[in-house]
Amino acid sequence: MIGRLEPGSIAAKRGMSDLAIRNLFIIPTIIFLIVFNIFPLIYSLGYSFTDFRASMNAPANFIGLQNYRELLADEYIWINFATTAKYVLVSVGGQVVVGFGAALLLNREIPAKGLVTTLLLLPMMMSMAVVGLFWKLLYSPSWGIINYALGLEDFEWLSNPEVALYAVALTDIWMWSPFVMLLCLAGLSAIPKHLYEAAAIDRAGRWYTFTRITLPLVTPLLLIAIIFRTMEAFKTFDLAFIMTSMESTELIAIRLYKMAFQEWQTGKSCALAYIVLIMVLAITNIYVKYLNKAKER
Amino acid sequence: MAQIKLENISKKFGRQTALSDLNLDIADGEFFVLLGPTGAGKTTTLRLIAGLDAPNAGTININGENVNEYSAAERDVALVFQYYSLYPHYTVRQNLEFPLRSKVRRLTEQDISASVARAAKTLRIEHLLERKTDKLSGGEMQRVSIGRAIVREPRAFLMDEPLSNLDAKLREILRAELKDLQMKLGATFLYVAHDQVEAMSMGDKIGILCDGHLVQVGSSQDIYNRPRDTFVATFVGSPAMNLFDATLSNGKAVVIPGSLEIPTSGEAMNHLRERAGKVKIGVRSEDILLDSSGPLEGRIHGVENHGVEKVVTLRVGELLLRATVPARTVLELDSPIRFAFNDKKLHCFDAASGQNLIFGD
């Protein structure tokens, strides 16, 4: 019956048949997904079991799990993972604190609320590369505005192995706190006002009200924000790549890039990409489990 | 427990006046019902007393103490909301515990569970304690929300139409339970209702609120039998009081010249004998007596069967009157019928101001 319009059906009212919708929207999407996502995904899984090098005109030899074995035994890879974990913790943690705090401040009657909210969202709309370049200027030791404002003379931010990672994380916090804020604000404004009134009548203090009403009701949206930001932070490449280049800021994605496009170890880098993918999936799954629990409550 | 007194309270929302110069006195242990149509300012009054809103003028006293500057928590009154306002992510038990776990009071776990058990028993929700509040029916939710008010011992209970979202049967049951609860606790209740049956059946005292003014305060008998003006007269009672224009002259009230004239020699109208001019006459449906030897005649325009009684609409000229008669009365549509007014129970209001000329002060 595909192609026939039932008179009075929704599709008929919109003037488009199920068939037209399928041909116009669904099939192109599926083709796009297969060509650009699913095919490379499977193909790179194949490469990860070979010694293939894209720079050499040699055929790929199947070497089994050797790539994986080597990678997991490589202590430098684990240092990269540790650096990434530190970066994710600081960056996402900072975004949650700043974003949630800003959302709490904005969730009340203030003058020009719409304008303030829009202005706060601006960092999020910029390009990663541009943000990286600008912050590099801001961090500049001799004439950067940050040292000027803090009264620090010649303090090295981005070439100092002790602080470079945190400096990059700070930029990430600046850029993505608005995202957390936006989701938290949506969660906060959905809490009915009468619950707060009931709590006031029940003689609940501010902190008690916050922990017993605000927090549990915002948690699902906050968790969604954390999931997105963790996934993004875990695979951060551009910001760290543009702003610094040293061992202490070598995130796993940068290591992956070097392995694939500087050392041309295509097969091995595919294996590393799969390890990263599995880790991101595992972390996300833990969050989703928490999210479902939070929603049930 | 507490006695509540409002003095010259005014409240505006923007340019809208919700309450103007309201005075209210609620005695300790009294079940006071604030009755009025939607938008009369009943909920506003409750919110002012609870401390959720602040008045623009006037003072609020609880136990003789001015509480204007007190927060909702400091006033220590309980408020039951119309829409229950249960905490959605907690169980019934956690909802009941909520006010007890506040820092203001330091209670032991035993005290908390004893209080919860007592409240749950009173409201017969013991079997629901471990259930999430979104799995409850409307009646159960309202019980829990009342339970949250009674677990602690507040100085007064404020209730904002707590039964208005329930079905008729449940409303009837909970009405009796609430009244019973109030007697048992000996607590001061301020209860807001727009349903006059609720007000009449529960209130020790009723205050009628209209457009932000308190029109009349009295017992339900008082309000019903001696309405101060036409608003109270028509708002209270079902069916509403019959109200029609008449002209007083020469010892009678002329409604329809020749066919509907009421002599002012009757007991109620007696002291209006000297008066002349336009008035409104009010007569309750039960005070229209069908009587084959009655002085007045009309036609039967319609009959509604209410089970125990019938409400008959009589037509006299252009005028329609509603009378309550026993259900067994046999009535035939459009047939002529004779009737009389119970002249002890007639009301007469000033045509312009609506004030009751017989019972007015």
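Just so we're on the same page: letters track the sequence lines, and every chain starts at 1.
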Could you check whether Glu74(B) pairs with Arg203(A) (Lys NZ or Arg NE/NH1/NH2 to Asp/Glu carboxylate O, under 4.0 Å)? no
Crowding at OH, Tyr196(A) (>12 non-hydrogen neighbours, <6.0 Å): yes
Would one find more than 12 heavy atoms of other residues, nucleotides or ligands at under 6.0 Å from atom CZ of Phe32(A)? no
Test side-chain contact (heavy atoms from CB on, under 4.5 Å), reference Ile201(A), set Leu158(B), Leu52(B), Val80(B), output is Leu52(B)
Inspect the surroundings of NZ in Lys5(B) and state if more than 12 heavy atoms from other residues, nucleotides or ligands are less than 6.0 Å away. no
Flag if over 12 foreign heavy atoms under 6.0 Å of OH, Tyr290(A): no
Could you please spell out the steps behind the side chain to side chain contact (heavy atoms under 4.5 Å, CB included) verdict for Leu79(B) and Glu197(A)? CA-CA 9 Å; Leu79(B) 174 56; Glu197(A) 289 179 346; over 6 Å; no
Step through the shown structure and confirm whether more than 12 heavy atoms of other residues, nucleotides or ligands are within 6.0 Å of NZ on Lys12(B). no
Rounded to the nearest 0.5 Å, how far apart are CG of Leu86(B) and NE2 of His194(A)? 9.5 Å
For Ile213(A) and Tyr87(B), which heavy atoms make the closest approach, and how far apart are they? CD1-CE2, 3.5 Å
Neighbour count >12 (heavy atoms, 6.0 Å) for atom NZ, Lys205(B): no
Answer yes or no: are there more than 12 heavy-atom neighbours, outside Phe179(A) itself, under 6.0 Å from its atom CZ? yes
Got more than 12 heavy atoms from elsewhere within 6.0 Å of OH, Tyr274(A)? yes
Given a strict heavy-atom distance threshold of 4.5 Å, which part of Arg75(B) is in contact with chain A: side chain, backbone, both, or neither? neither
CZ (Phe98(B)) and CZ (Arg212(A)) are apart, to the nearest 0.5 Å, by 7.0 Å
Spell out the residues in residues 133-150 of chain B that have some non-hydrogen atom less than 4.5 Å away from a non-hydrogen atom of chain A, in order of number; otherwise answer 'none'. Arg148(B)
